[in-house]
Protein chains: 2
Amino acid sequence: MDLINLFNTLNAIQILPADLQLKFQSIVIEEAVPKKALLLKAGMVSHRIYFIKAGFVRAFYYKDGNPYTSWFMGSGEIIISVYSFFSRKPSFENIEVLEDCVLQSISWDQLQQLYLAFPAFNITGRLITELYYIRSEERAIDLQTLTASQRYAKLLAQYPNISQVASLGQIATYLGVKQETLSRIRAK
Amino acid sequence: MDLINLFNTLNAIQILPADLQLKFQSIVIEEAVPKKALLLKAGMVSHRIYFIKAGFVRAFYYKDGNPYTSWFMGSGEIIISVYSFFSRKPSFENIEVLEDCVLQSISWDQLQQLYLAFPAFNITGRLITELYYIRSEERAIDLQTLTASQRYAKLLAQYPNISQVASLGQIATYLGVKQETLSRIRAK
DNA sequence: GGATTCTTTTGACTTTAGTCAAATAATCAT
DNA sequence: ATGATTATTTGACTAAAGTCAAAAGAATCC
């Protein structure tokens, strides 16, 4: 299996030794997941940690009956529903495929075994958790300090072709504005 | 030293065995910290994890020269600048005492020693980290889904006498509105 | 391929929040 | 205590975002 992209992402955090790379080769599974599939349903426990080899996904949750997007992720990124995956409790959010994906993943149990067998890999694990934490803080800071159009510009810089894969409404709830407002931000 | 409140908070997460309680007795230091003191200055690394026995604090950061409040914490709560404390890197945020405090704390090194000597305490540590993560996610969700006055009502429910210790401007930046707007929210 | 459904845009209007300035209230230092 | 400083409130106005409804544009399905 071609794990080059996954190794590139992990090596950027901390270099993976050769024996750990071999171990990955033996446990990672790869699957093609079509648009509209749900990787995680609210109420279920997140069991797997995924790497997006190709494709695009979003996470969303419901509040007072209305859907809100929590985040988007594209190829080269690692996806989990952080709270559910680490706490082993039911997720409040859903993860949905927006563009046909090739995903590579391992289970929570396999990850724990990697931590036991390769203690240095705990550092990578901790750093990934920190990256997620920082991302969550940054999101709150953006909502607190940026205007709606600044947040939209930032999202576009991160995912330049997001408009081709996510709907106006999905992007609007991520930004915290109504879709009519986002349409007008785009127009100018 | 009176660690009853601290033990109550930790026991609510996971029961602390007697020998660990004794260990705490020997390493926790208690200090009185006056209003306006800075527990952490941006650019410095967060070295200690504090328990607020009494008092009130806030964390804030600067963006484009303007201060923004990240969070408030009161007695019975555990405070750290999560990112800096765990990553051992300089903090982007400041922690400021808003009301004279009695703080109990241990250092990062001591915490690591507790993890080594009492492996089960890792679970408490992980749960505290999760609580912080959830708090950060909840903050983003509130900014995304609630109106300014709903956010203010929620803050008041959490810290009913916050107006006595935090200024209008400090609360306003936490809520993501101008202080004139918060003044008008209060008026009605 | 054309009707149906869903998504996005536009328009007119309302509500909410921001801006700037001045007035009032509260706090602090001597 | 009292004058000075700082914090909060209020007013009049502007800007931004929300609401509701309808029209235009895309995508999808027999």
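Per chain, numbering begins at 1; letters A, B, ... match sequence-line order. Because only heavy atoms are used, hydrogens play no part in the values below, and waters and symmetry mates are left out as well, while side chains stay in.
Dashed line: the shortest gap from a side-chain N or O of S183(B) to OP1 or OP2 of dT9(D) is under 4.0 Å. In this structure, T181(B) reaches the dG18(C) phosphate: one of its side-chain N or O atoms is under 4.0 Å from OP1 or OP2.
Note: CD1 (I185(B)) to P (dT15(C)) measures 17 Å, nearest angstrom. We find that CG of L146(A) is positioned 14 Å from P of dG18(C), with the value rounded to whole Å. One can place CG of L168(A) at 16 Å from C1' of dA27(D), the figure rounded to the nearest angstrom. In this structure, CD of Q164(A) is placed 15 Å from C1' of dT7(C), rounded to the nearest angstrom. Across the protein-nucleic acid pair, K178(A) atom NZ and dT15(C) atom P stand 16 Å apart, rounded to whole Å. Atom pair K35(A):NZ and dA27(D):C1' shows a separation of 10 Å (rounding to whole Å applied). A straight line from CG of L175(A) to P of dG18(D) spans 11 Å, rounded to a whole angstrom. If you measure from atom NZ of K36(A) to atom P of dT28(D), you get 7 Å, rounded to the nearest angstrom.
Of the candidate nucleotides dT19(D), dT10(D), dT7(C), dT10(D) has the atom lying nearest to any side-chain atom of E180(B). Of the listed nucleotides (dA17(D), dC20(C), dT8(D)), dT8(D) has the atom at the smallest distance from the side chain of Q179(B). In this structure, of dT10(C), dA12(D), dT7(C), it is dA12(D) that holds the atom nearest to the side chain of R184(B).
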Pair E137(A)-Y132(B), side-chain hydrogen bond (donor to acceptor under 3.5 Å, both in side chains): steps then yes or no: CA-CA 11 Å; E137(A) 279 199 327; Y132(B) 269 92; over 6 Å; no
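The side-chain tip of R151(A) does not point at the ring of Y174(A) from less than 6.0 angstrom away and within 45° of straight on. Both the sub-6.0 Å distance and the 45° axial angle are not jointly satisfied by R135(A) relative to the ring of W71(A).
The backbone N or O of S167(B) lies less than 3.5 Å from a partner atom in the side chain of Q170(B), making a donor-acceptor pair.
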